[in-house]
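We number each residue from 1, following the sequence as shown. Counting starts at 1 for both ligands and their atoms, in listed order. Just so it is clear, the structure is predicted and the values come from calculations on it, not from any experiment.
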Amino acid sequence: MSYQSLPKVELHTHIEGAAPPDLIKGLAKEKSVDLSGIFAEDGGYAYRDFWHFLEVYEAATSVLKSPTDYARLTKAVLEKCAEAGVIYLETFISPDFCGGRDVSAWRDYLAAIEDAANEAERDAGITLRGVITAVRHFGPDAARETARCAQETAGGFITGFGMGGDEKSGKQSDFAYAFDMAREAGLQLTTHAGEWNGPQEVRDALDHLKVQRIGHGVRAIEDLALIDRLIEDDITLEVCPGSNVFLGVYSDLGDHPIAKLRDKGVKVTVSTDDPPFFRTDMVKEYEDLSRQFGWDAADFQALNLAAIDAAFCDETTRTRVRKILEAQDV
Ligand code: HPA
Ligand code: ZN
């Protein structure tokens with residue numbers, strides 16, 4: 001069965017990481033930037049491992065230089081996601097890449113992204129919310145500046161604050177101040193943890209950053225007491241199975257713990273992370289999970305309901321999206 005038409009909620013994407021390669025190639029050409037080294041023969045992005053991925057990601061992002069570029073990016077990303085049946089999407093947006101953490105420049109980027117999102121909501125029926133994101137390997141001082149951008153623009157379209165980047169760089173606790181700032185601004189919180197580091201990283205995220213959701217978090221499976229804590233604290237995991245397999249966190253989907261985590265009672269959701277980088281989209285994720293674990297449309301409906309419950313959005317939006325999910329006859 002094709003899962004294309006099933007309405008979906010996706011909580012974990014990086015806006016630049018969702019950039020169609022052709023958009024990046026077109027921008028590189030317009031700006032006379034040579035990015036030929038980051039593309040493979042098949043036209044997709046090329047890199048060796050996660051750390052090289054981060055470098056290629058930043059190289060691709062280097063041609064996104066203005067609010068107009070981000071408007072084009074937002075439009076292209078939302079069109080692709082809507083084609084895959086996504087009706088509600090959250091994306092990580094980094095003031096680092098949008099104006100170098102300058103509040104005034106950031107406002108201009110954000111306005112352009114929001115305009116493009118409003119247009120896509122009208123034209124393609126997809127709702128976007130932004131999660132402002134610090135980049136871990138840029139360090140705690142940069143994260144505070146990012147949190148300042150978050151404080152200045154929290155509310156409405158911007159509903160969350162998070163952190164991505166290199167999990168091997170620094171500690172979650174180094175970023176507690178930035179997360180405190182974001183929490184005080186009323187933002188909901190998530191951080192990448194338990195993808196490249198083990199369960200202790202997830203504990204650190206809960207203890208020091210007091211997040212409600214965890215990006216990935218899959219390595220919690222190695223610690224049964226932590227599993228109990230995730231359930232007790234009502235933490236939702238933003239699981240990205242295709243990303244984990246593509247980057248080699250697990251050698252194949254059969255080894256991936258998403259089904260075990262779900263069976264133990266952890267709230268799991270499914271996202272694509274950086275879809276063209278991992279040669280995936282939400283339809284492929286669902287088809288692969290269905291083939292591997294026997295999940296059917298009713299299972300995916302339940303996952304999507306869990307996702308909208310954990311979404312960083314206002315209650316009107318939550319109720320509207322939930323109704324669409326519930327109306328599906330699965
Ligand atoms: N993981 C961590 N950091 C990132 C990613 C990712 O997939 N994409 C962009 N920054
Ligand atoms: Zn991610």
Under 6.0 Å from the ring centre and within 45 degrees of the ring axis: does the NZ or CZ of R136 meet both conditions for the six-membered ring of F175? no
For F92 together with F97, are the ring centres under 6.0 Å from each other? no
Report yes if G165 has an N/O atom closer than 3.5 Å to an N/O atom of ligand 1; otherwise report no. yes
Any side-chain donor near an acceptor of the partner, R213 and T269, under 3.5 Å: no
Against heavy atoms of [X], which atoms of ligand 1 measure under 4.0 Å?
X	result
D274	5 (C), 6 (C), 7 (O), 8 (N), 9 (C)
D273	6 (C), 7 (O)
F53	5 (C), 6 (C), 7 (O), 8 (N)

Heavy-atom distances under 4.0 Å decide this one: backbone, side chain, both or neither, for F50 against ligand 1? side chain
For ligand 1, which part of H192 has a heavy atom less than 4.0 Å away: the side chain, the backbone, both, or neither? side chain
Of all N/O/S atoms in D273, which lies nearest to the Zn ion (ligand 2)? OD1
May I ask you to say whether [X] pairs ionically with [Y], meaning some side-chain N is under 4.0 Å from a carboxylate O?
X	Y	value
R203	D207	no
D288	R291	yes
K75	D123	no
K210	D180	no

May I ask you to check if any N/O/S atom from H14 comes under 2.8 Å of the Zn ion (ligand 2)? yes
Residue C240, metal the Zn ion (ligand 2), N/O/S under 2.8 Å: no
